[in-house]
**Q** 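Encoded as structure tokens, here's the structure I'll be asking about.
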Number of protein chains: 2
Amino acid sequence: MSNEPAVEPRWLSDEEQFAWQCYLHATTLLEDHLDRQLQRDAGMPHVYYGLLVQLSRAPRRRMRMTELAQNAKITRSRLSHAIARLEKNGWVRRENCPSDKRGQNAYLTDEGMRMLEKAAPGHVAAVRAAIFDRLSPEQVGHLAEICQVMTEGLQPQGADLPWLR
Amino acid sequence: MSNEPAVEPRWLSDEEQFAWQCYLHATTLLEDHLDRQLQRDAGMPHVYYGLLVQLSRAPRRRMRMTELAQNAKITRSRLSHAIARLEKNGWVRRENCPSDKRGQNAYLTDEGMRMLEKAAPGHVAAVRAAIFDRLSPEQVGHLAEICQVMTEGLQPQGADLPWLR
DNA sequence: CCGACGTTGTTAAAATTTAAATAACTCTCC
DNA sequence: GGAGAGTTATTTAAATTTTAACAACGTCGG
């Protein structure tokens, strides 16, 4: 009846354990810090700010809901709520997608653009102060590589094209 | 009336921009992944699991609320709610602190310990699969260094001893 | 001792996030 | 053409997190 293979799990080495601890501390502290900074200076959490940035970079400052959700790595449901809130602030508006009647575009209003331009310098400064002004260029490179490897593992390219694997 | 110094903000370089994007993707995907893994296999989010781990490593499997909150990098308020929930599961219990009548200890019950032992292998496997089995030992070292630097910036040692700075 | 001030932990209310269900639509295959 | 399967976005309810306020205790100086 034993359906457990009873393999001794491979625990983390001391180095790995230590790195994992560091990672958890750093990421939760940073997330927290940026959330507070943006809540204070822009009246929204970091995730919401990220949505505005995405929109601002998109052609005609608009994007399909699903695409936006994927880029921001959040669920469509969460995005729906978030956009609803940003609409209340007047920073984002919705419109029907011309080509797909199921679809919606979210677009950044002029007001939203202005708010973003006002908030961006402070946010960049916070990110700089927390990371890029503290790391050597080599470390920045390492960080990017490491994160790329992690992302690959968590979101194998072609994850949405399972028949290709 | 201009109280803004009107300094051109130092934007991120392309490398920094790229690294930042990678960082955000990787960290949100990992957080998400581990939350789901633990919700599925242990019926709780990652933060809660971390609390049980902390308690399991503490002497006599108990710890003061504030200390636990600090180690887990969460607010005391959030911890209160979390412990309340874990108490309902029977995994944690509270007790008055003998030496300070304001204080409370949270301690891990036997039942909680068993659940932790049951959940740990799967969680370690998930962490390995996402990170440590994908990174070289050098990269693990780099990650730890980078995160240490970040943590220093966000939580300068002596932050709770401001008179020493 | 007393009072001011800081600490510890909780609570209530509001905001956000997640999970599950649903409505509306598109696409493919017969 | 139309049934069935998948997609898109939203909604509802439950869970979690945040914010602000609070009660109770400890500490320190006068």
Side-chain angles (χ1 to χ4, degrees), chain A residues 28 31-40 42-51 62-89 92-107 159-163, chain B residues 28-29 31-40 42-51 62-89 92-107 160-163:
Chain A
T28 66
E31 179 73 40
D32 237 56
H33 181 68
L34 295 182
D35 264 346
R36 285 182 207 291
Q37 183 266 317
L38 281 170
Q39 194 69 57
R40 177 166 47 75
M44 59 188 148
H46 188 205
V47 176
Y48 288 30
Y49 179 88
L51 296 176
R62 61 200 67 207
M63 206 181 291
R64 280 290 290 277
M65 294 293 276
T66 293
E67 191 188 350
L68 184 50
Q70 284 170 344
N71 286 358
K73 316 294 178 195
I74 64 178
T75 63
R76 288 194 305 261
S77 172
R78 186 175 175 183
L79 179 63
S80 263
H81 291 296
I83 294 292
R85 201 270 222 182
L86 292 172
E87 265 189 301
K88 276 191 199 160
N89 289 313
V92 169
R93 209 65 56 78
R94 292 178 218 242
E95 69 184 4
N96 294 327
C97 174
S99 56
D100 187 334
K101 284 182 186 166
R102 296 167 305 180
Q104 290 274 103
N105 281 323
Y107 71 89
D160 46 346
L161 310 170
W163 57 86
Chain B
T28 65
L29 284 174
E31 179 74 39
D32 237 57
H33 181 67
L34 294 183
D35 264 345
R36 285 181 208 293
Q37 184 266 316
L38 281 170
Q39 194 69 58
R40 177 166 47 75
M44 60 188 148
H46 189 203
V47 176
Y48 289 30
Y49 180 86
L51 296 175
R62 60 200 67 206
M63 207 181 291
R64 280 291 289 276
M65 293 294 275
T66 292
E67 191 188 351
L68 184 49
Q70 285 170 344
N71 286 359
K73 316 292 179 196
I74 64 178
T75 62
R76 290 194 306 263
S77 172
R78 186 175 176 182
L79 180 64
S80 263
H81 292 295
I83 294 293
R85 200 270 224 184
L86 293 172
E87 264 190 303
K88 276 191 197 160
N89 289 314
V92 170
R93 211 65 55 81
R94 290 179 218 243
E95 68 183 5
N96 295 326
C97 173
S99 56
D100 186 335
K101 282 182 187 167
R102 295 167 306 178
Q104 290 274 102
N105 281 322
Y107 70 89
D160 45 347
L161 310 171
W163 56 86

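Here is the naming used below: chain letters follow the sequence lines, and residue numbers restart at 1 for every chain.
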**Q** Does C:dA15 have its OP1 or OP2 closer than 4.0 Å to a side-chain nitrogen or oxygen of A:Arg85?
**A** no
**Q** Separation of B:Leu79 atom CG from D:dT16 atom C1', in whole Å?
**A**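 Distance check: B:Leu79 CG to D:dT16 C1' gives 14 Å.
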**Q** Between A:Asp35 (side chain) and A:His46 (backbone), is there a donor-acceptor pair under 3.5 Å?
**A**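 Checking the backbone N and O of A:His46 against the side chain of A:Asp35, a donor-acceptor pair under 3.5 Å is found.
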**Q** By nearest atom, which of the nucleotides D:dG26, C:dG9, D:dT16 is closest to the B:Tyr48 side chain?
**A** D:dT16
**Q** Find the distance A:Asp32:CG to D:dT19:P and express it as a whole number of Å.
**A**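 Spelled out: CG on A:Asp32 to P on D:dT19 is 9 Å.
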**Q** By nearest heavy atom, map A:Arg102 and A:Ile74 onto DNA chain C; which one lands nearer the 5' end?
**A**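 By nearest-heavy-atom nucleotide position, the 5'-most residue is A:Ile74.
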**Q** Given atom CZ of A:Arg40 and atom P of D:dA20, what is their separation to the nearest angstrom?
**A** 13 Å
**Q** Categorize B:Ser77 for me: base, sugar-phosphate, or nothing, with a 4.0 angstrom heavy-atom threshold over every strand shown.
**A**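 Answer is base: heavy atoms of B:Ser77 come under 4.0 Å of a base.
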**Q** Does the side chain of A:Arg78 get closer than 4.0 angstrom to OP1 or OP2 of D:dT10 through an N or O atom?
**A** no
**Q** For C:dT8, does OP1 or OP2 lie under 4.0 Å from any side-chain N or O of B:Gln104?
**A** no
**Q** Can you tell me if the side-chain N/O atoms of B:Arg76 get under 4.0 Å from OP1 or OP2 in C:dG9?
**A**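 No, because none of the side-chain N or O atoms of B:Arg76 sits under 4.0 Å from OP1 or OP2 of C:dG9.
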**Q** Whole angstrom is fine here: how far is it from CZ in B:Arg64 over to P in C:dT10?
**A**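 Those two atoms, CZ and P, are 11 Å apart.
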**Q** Tell me the interatomic distance from A:Gln70, atom CD, to D:dA9, atom C1', rounded to whole angstroms.
**A**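 From A:Gln70 CD to D:dA9 C1': 13 Å.
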**Q** Where each residue is assigned the nucleotide of DNA chain C containing its nearest heavy atom, which of A:Ser99 and A:Met44 is assigned the position nearer the 5′ end?
**A** A:Met44
**Q** Mind calculating the distance between CG (B:Leu86) and P (D:dT17) to the nearest angstrom?
**A** 10 Å
**Q** Counting the atoms with a prime plus P, OP1 and OP2 as sugar-phosphate, which does A:Asp35 contact under 4.0 Å by heavy atoms, base, sugar-phosphate, or nothing?
**A** nothing
**Q** Choose from D:dT12, D:dT10, D:dC25 the nucleotide whose nearest atom is closest to any side-chain atom of A:His81.
**A**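 Nucleotide nearest to A:His81's side chain: D:dT12.
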**Q** Could you pick out which residue, A:Arg36 or B:Pro45, lies toward the 5' side of DNA chain D when each is mapped onto its nearest nucleotide?
**A** B:Pro45
**Q** Give me the atom names and distance for the closest heavy-atom approach of B:Leu68 to B:Met63.
**A** CA-SD, 3.7 Å
**Q** In whole Å, I'd like the distance from the CG atom of A:Asn96 to the C1' atom of C:dA24.
**A**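 In whole Å, C:dA24 C1' lies 12 Å from A:Asn96 CG.
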**Q** Kindly indicate whether the side chain of A:Arg94, heavy atoms from C-beta on, has any atom under 4.5 Å from the side chain of A:Asn105.
**A**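 When only atoms from C-beta onward are counted, A:Asn105 and A:Arg94 do not touch, as no gap falls below 4.5 Å.
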**Q** For a quick test of reading the model: is some side-chain N or O of A:Arg94 closer than 4.0 Å to OP1 or OP2 of D:dA9?
**A** no
**Q** What is the distance from NZ of A:Lys101 to P of D:dT10, rounded to the nearest Å?
**A**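 Nearest whole value for this atom pair: 18 Å.
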**Q** Do A:Glu87 and A:Arg93 come within less than 4.5 Å of each other through their side chains, counting heavy atoms only?
**A**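 Yes, at least one pair of side-chain atoms sits under 4.5 Å.
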**Q** Would you indicate whether the side-chain heavy atoms of B:Lys73 and A:Asp32 approach each other to under 4.5 Å?
**A**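 Not touching, per the 4.5 Å side-chain cut-off.
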**Q** When you get a sec, tell me which of D:dG26, C:dG9, C:dT26 is the closest nucleotide to the side chain of B:Asp100?
**A** D:dG26
**Q** Answer whether the closest heavy-atom distance between the side chains of A:Arg64 and A:Asp100 falls below 4.5 Å.
**A**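 They are in side-chain contact.
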